[in-house]
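Each remark here refers to the structure printed beneath this line.
Every number for a ligand or one of its atoms is a count from 1 in the order of the listing. Remember, predicted model here, so these are calculated numbers, not experimental data.
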Amino acid sequence: MARVGFIGLGNMGGGMAANLAKKGHDVRAFDISAEALERAKAAGCLPVASAGEAADGAEAVITMLPAGKHVEQVYAESVFGAAPSGAILIDCSTIDVATAKRIAEAAEGEGLTAVDAPVSGGIAAANAGTLTFMVGGSEEAFERARPFLEDMGKAVIHAGANGAGQAAKICNNMILGATMIATCEAFSLAEKLGLAPQAFYDIASVSSGQSWSMTSYCPVPGVGPESPSDHDYQGGFAAALMLKDLRLAMEAAEDVHASTPVGAKAREIYEAFVAAGQGGLDFSGVIESLERD
Ligand code: NAD
């Protein structure tokens, strides 16, 4: 088993670090939150006093931080000066493609190897060790990161060169945001046309309107498998995080001149939902903003 530095022990990172400790790794865990450190200690990690201390002597350094600016800062100020040259740096945060590429280049300049490895699956999957990882980096870097990621997930997929993991993540979530809104609209319209939600579900879930948003995460309560809609849209994947991912997708589209009108509309709809104070609700709660009298 290996020594792993884990930086960022929030909703996602807390469960991921706990799973590495459960698998027998010596996890040196750091977060700026004392509460998060306490939880990591209770889960079998060794809390340390700084990100540098977490990286020092580690075979793998894993970051799970809010955004690109945090990752870039932690790498520059703490990880680069402390991680041994043989360490693999694995950033699992969702960040912009350009920053992921920049970080990998900076790591190379320091004689280190980095991969971007964002995840699909929310807090429940992080706790259960069933995340999907999409990995950007060289073949050799992917193989070095793989055993650590397998200890936290059910699928580990090599997406391509550095930045490709983040590209896959934001493209996937652009589909998710758009299909969720389309599914919400369809249920609202169906109901106004006199169709019972259950009847519409039974038909569309086995017809060409089917999607993950409908059959795994139905935005209408009492229909389909249990989902956040059955709990007043509490828990699940926060609308504010969906908005973050859609913004990243639209920035990337702008950079490479891709045409993404539906993605842009989805961002606009989530922007309004979050601005109305609903950013903490699950993203399927957007159905409430689409209902008109
Ligand atoms: P979170 O805010 O719960 O956790 C982030 C943690 O980072 C916090 O505990 C914070 O104290 C810590 N932190 C911030 N700056 C730090 C620093 N300089 N040094 C050390 N620790 C620092 O966020 P989360 O929900 O765990 O999400 C983490 C990442 O995973 C984000 O990029 C998010 O977009 C992505 N993600 C989240 C979900 C989800 O369902 N929550 C799903 C997929 C991907």
Side-chain angles (χ1 to χ4, degrees), residues 5-19 27-41 43 45 47-55 61-80 82 90-97 99-100 103 116-135 149 152-155 165-166 168-174 176-177 180 217 227-228 233-249 251 270 274 279-285:
F6 205 112
I7 303 162
L9 308 161
N11 289 323
M12 298 292 289
M16 293 163 70
N19 282 322
V27 183
R28 310 281 164 111
F30 177 68
D31 195 291
I32 50 175
S33 147
E35 252 181 78
L37 281 175
E38 272 308 308
R39 278 197 300 275
K41 189 177 173 189
C45 304
V48 294
S50 67
E53 218 180 299
V61 180
I62 302 176
T63 40
M64 194 52 166
L65 295 163
K69 62 179 182 196
H70 305 98
V71 183
E72 206 158 27
Q73 189 186 3
V74 165
Y75 269 35
E77 291 178 5
S78 310
V79 174
F80 287 159
I90 307 172
D91 179 38
C92 295
S93 328
T94 304
I95 70 172
D96 59 289
V97 175
T99 302
I103 285 172
D116 45 295
V119 307
S120 178
I123 300 163
N127 290 334
T130 56
L131 292 165
T132 292
F133 290 92
M134 33 209 113
V135 187
L149 300 176
M152 300 182 286
K154 66 168 167 37
Q166 298 295 350
K169 167 76 185 172
I170 57 174
C171 290
N172 179 76
N173 279 22
M174 185 174 75
L176 179 62
M180 179 53 79
Y217 216 84
S227 69
Y233 305 99
Q234 300 299 316
F237 181 47
L241 287 177
M242 173 50 84
L243 175 58
K244 172 193 165 185
D245 292 357
L246 288 168
R247 282 178 173 155
L248 289 175
E251 280 164 27
Y270 276 105
V274 172
L281 287 188
D282 179 75
F283 79 114
S284 63

Q | Heavy-atom closest pair, residues A17 and V27 | A | O-CG2, 4.1 Å

Q) Please state which protein non-hydrogen atom is closest to atom 4 (O) of ligand 1 and give its distance, to 0.1 Å? A) G10 CA, 3.3 Å

Q: Determine if the distance from atom 23 (O) of ligand 1 to the closest protein heavy atom is below 4.0 Å.
A: no

Q.
I'd like to check which ligand 1 atoms, numbered from 1 as shown, lie under 4.0 Å from a non-hydrogen atom of F237.
A. 40 (O)

Q: Measure the distance from atom 18 (N) of ligand 1 to every protein heavy atom, then report the residue, atom name and distance (to 0.1 Å) of the closest one.
A: V74 CG2, 3.5 Å

Q) Which heavy atom of the protein is the closest neighbour of atom 35 (C) of ligand 1, given with residue, atom name and distance? A) T94 OG1, 3.6 Å

Q. Which atoms of ligand 1 are found less than 4.0 Å from any heavy atom of G122?
A. 40 (O)

Q | Side-chain ion pair, E35 and R39, N-O less than 4.0 Å | A | yes

Q: Report the member of D31, L65, N11, I95 with the shortest heavy-atom distance to atom 6 (C) of ligand 1.
A: D31

Q.
Checking a contact table here: which protein heavy atom is nearest atom 30 (O) of ligand 1, and how many Å away?
A. M64 CE, 3.1 Å

(Q) One pair to check against side-chain contact (heavy atoms from CB on, under 4.5 Å): S227 and D282. What are the steps and the verdict? (A) CA-CA 10 Å; S227 69; D282 179 75; over 6 Å; no

Q: Start with the C-alpha distance between S93 and H70, add both sets of side-chain angles, then the distance that settles side-chain contact (heavy atoms from CB on, under 4.5 Å), and finish with yes or no.
A: CA-CA 10 Å; S93 328; H70 305 98; over 6 Å; no

Q.
Ring-plane angle category for F237 and F283, please: parallel below 30°, perpendicular beyond 60°, tilted otherwise.
A. perpendicular

Q: Below 4.0 angstrom from a heavy atom of S93, which ligand 1 atoms are there? Numbered from 1 as shown, please.
A: 32 (O)

Q) Where is the nearest protein heavy atom to atom 15 (N) of ligand 1: which residue, which atom, and how far? A) I32 CD1, 3.6 Å

Q) Can you check whether a protein heavy atom sits less than 4.0 angstrom from atom 2 (O) of ligand 1? A) no

Q. Considering only heavy atoms of V119, which atoms of ligand 1 have at least one such atom less than 4.0 Å away?
A. 43 (C), 44 (C)

Q) Are any of the N or O atoms of K169 closer than 3.5 Å to those of ligand 1? A) no

Q: Report yes or no: does K169 contribute a side-chain atom to a donor-acceptor pair with the main-chain N or O of D245 at less than 3.5 Å?
A: no

Q | Residue from V79, I103, D116 passing side chain to side chain contact (heavy atoms under 4.5 Å, CB included) with V71 | A | I103

Q: Determine whether any heavy atom of S78 lies closer than 4.0 Å to an atom of ligand 1.
A: no

Q) Hey, does V61 have a side-chain heavy atom less than 4.5 Å from the side chain of Y75? A) no

Q | Non-hydrogen atoms of G236 and Y217 that approach each other most closely | A | CA-OH, 3.5 Å

**Q.** V119 and its side chain to side chain contact (heavy atoms under 4.5 Å, CB included) partner, picked from M152, M64, M134
**A.** M64

Q. Where do G279 and A238 come nearest, in terms of heavy atoms and distance?
A. O-CB, 3.6 Å

Q.
Main chain of N127, side chain of N19: is a donor-acceptor contact present, judged purely on distance under 3.5 Å?
A. yes

Q) Do any heavy atoms of A51 fall under 4.0 Å from ligand 1? A) no

Q) Mind checking whether K244 has an N or O less than 3.5 Å away from an N or O of ligand 1? A) yes

**Q.** Protein heavy-atom partner closest to atom 41 (N) of ligand 1 - residue, atom, separation in Å
**A.** L241 CD1, 3.4 Å

**Q.** Candidate pair L131 and K154, rule side-chain contact (heavy atoms from CB on, under 4.5 Å), full reasoning
**A.** CA-CA 6 Å; L131 292 165; K154 66 168 167 37; over 6 Å; no

Q: With atom 14 (C) of ligand 1 as the reference point, say which of A126, G121, P66 has the nearest heavy atom.
A: P66

Q) Do any nitrogen or oxygen atoms of M12 lie less than 3.5 angstrom from nitrogen or oxygen atoms of ligand 1? A) yes

Q: Pull out every atom of ligand 1 sitting under 4.0 Å from any heavy atom of F30, numbered as shown with elements.
A: 19 (N), 20 (C)

(Q) With heavy-atom distances below 4.0 Å as the criterion, list the atoms of ligand 1 near I7. (A) 20 (C)

